[in-house]
S.K.: 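Input: one structure, supplied below.
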Amino acid sequence: QVQLVESGGGLVQAGGSMSLSCSASGGTFSGYSMGWFRQTPGNEREFVATINRGGDLALYADSVKGRFTISRDNAKGTVYRQMNGLKPEDTAVYHCARGRFSRTGRRPGEYDLWGRGTQVTVSS
């Protein structure tokens, strides 16, 4: 059974940078789009970024555009996200997810496999 495992996360000061990665165990996600979502207590899961199967098309939420970068290495079965210029409002649990299709998507319903998430806390 394929599982997604996020790594990275932790505490960082506002304006700082952090990298997250997501790997698949028990399988691969090379044929699918991948996405990152974030969630804070009491709120719905929010789209952050997505990348298509080939890694040549990425979409970002307006709130992170220009600050976050998503990339993937299909040979290593890993998706990365580089976050720069972090703000306190970026504090959340970040989840990676595997898309149902090869194309990108912004809605949680377009993803069928989710990691458990990793906490990112940005202090002011």
S.K.: Does one side chain, of Thr69 or Gln82, offer a donor that lies under 3.5 Å from an acceptor on the other?
M.R.: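 Per modelled atom types, Thr69 and Gln82 side chains form no pair under 3.5 Å.
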S.K.: Would Cys96 and Leu4 count as a side-chain contact (heavy atoms from CB on, under 4.5 Å) if you check the C-alpha gap in whole Å, the side-chain angles of each, and the deciding distance to 0.1 Å?
M.R.: CA-CA 7 Å; Cys96 71; Leu4 301 179; 3.8 Å; yes
S.K.: Give a yes/no verdict on a cation-pi contact between Arg98 and Tyr32, requiring under 6.0 Å between NZ or CZ and the six-membered ring centre and an angle within 45° of the axis.
M.R.: yes
S.K.: Let me confirm one number: the CZ-OG distance from Phe68 to Ser17, rounded to the nearest 0.5 Å.
M.R.: 9.5 Å
S.K.: Between Leu57 and Thr104, which heavy-atom pair has the shortest distance, and what is it?
M.R.: O-CG2, 3.9 Å
S.K.: What's the spacing between Trp114 CH2 and Cys22 SG if we round to 0.5 Å?
M.R.: 11.0 Å
S.K.: Compare all side-chain heavy atoms of Val2 with those of Ser25 and state whether any distance is below 4.5 angstrom.
M.R.: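 Heavy-atom side-chain distance check fails, nothing below 4.5 Å.
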S.K.: Using 4.0 Å as the upper bound for N to carboxylate O, is an ion pair formed by Arg38 and Glu46?
M.R.: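 Arg38 and Glu46: salt-bridged.
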S.K.: Is the Trp36 to Phe47 ring centre distance short of 6.0 Å?
M.R.: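 Centroid distance Trp36-Phe47: not below 6.0 Å, so no.
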S.K.: Quick check against the 3.5 Å criterion: does Arg67 have a side-chain atom that pairs as donor or acceptor with the backbone of Ser63?
M.R.: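 Yes; at least one donor-acceptor contact below 3.5 Å.
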S.K.: Where is the tightest heavy-atom contact between Ser123 and Leu11, given as atom of each residue plus distance?
M.R.: CB-CD1, 4.3 Å
S.K.: Quick one: which residue pairs count as a salt bridge (charged side-chain N to carboxylate O under 4.0 Å, His left out) with a foot in residues 68-84, not counting sequence neighbours?
M.R.: none
S.K.: Only pairs at least two apart or in different chains count here, so list each side chain to side chain donor-acceptor pair (under 3.5 Å) that has a residue in residues 50-60.
M.R.: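 Non-adjacent pairs meeting side chain to side chain donor-acceptor pair (under 3.5 Å): Thr50-Tyr111, Asn52-Asp56.
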S.K.: Find out whether Val120 and Met83 are in side-chain contact, i.e. whether some heavy atom of one side chain is under 4.5 Å from a heavy atom of the other.
M.R.: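 Yes. Closest side-chain heavy atoms under 4.5 Å.
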S.K.: Kindly give the heavy-atom pair with the smallest separation between Thr91 and Val122, and that separation in Å.
M.R.: OG1-N, 2.9 Å
S.K.: State whether the side chain of Gln1 and the backbone N or O of Gly26 hold a donor-acceptor pair below 3.5 Å, judged by distance alone.
M.R.: no
S.K.: Determine the minimum heavy-atom distance between Gly9 and Thr118, stating which atoms define it.
M.R.: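 Smallest interatomic distance, heavy atoms only, reads CA-OG1, 3.9 Å.
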S.K.: Answer with yes or no whether the side chains of Ser21 and Ser7 bring together a donor and an acceptor at under 3.5 Å.
M.R.: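 Note: Ser7 and Ser21 side chains meet the donor-acceptor criterion.
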S.K.: Would you say Tyr80 and Met18 are hydrophobically clustered, going by side-chain heavy atoms of ILVMFWY under 4.5 Å?
M.R.: no
S.K.: In terms of hydrophobic clustering (I, L, V, M, F, W, Y; side-chain heavy atoms under 4.5 Å; direct or indirect links), are Val48 and Ile70 co-clustered?
M.R.: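 Val48 clusters together with Ile70.
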S.K.: Within a 6.0 Å radius of atom CZ on Arg100, are there more than 12 heavy atoms belonging to other residues, nucleotides or ligands?
M.R.: yes
S.K.: Is the backbone of Gly115 close enough, under 3.5 Å, to the side chain of His95 for a donor and an acceptor to pair up by distance?
M.R.: yes
S.K.: Hey, quick one: are Val64 and Val93 part of the same hydrophobic cluster, counting side-chain heavy atoms closer than 4.5 Å, chains of contacts allowed?
M.R.: no
S.K.: For Lys87, is there an ion pair with Asp90 - N to carboxylate O distance below 4.0 angstrom?
M.R.: no
S.K.: Of all the heavy-atom pairs spanning Thr78 and Phe29, show the shortest one and how long it is.
M.R.: N-CZ, 3.5 Å
S.K.: What I'd like to find out is whether the side chain of Phe101 reaches to under 4.5 Å of the side chain of Ser33, using heavy atoms alone.
M.R.: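 When only atoms from C-beta onward are counted, Ser33 and Phe101 do not touch, as no gap falls below 4.5 Å.
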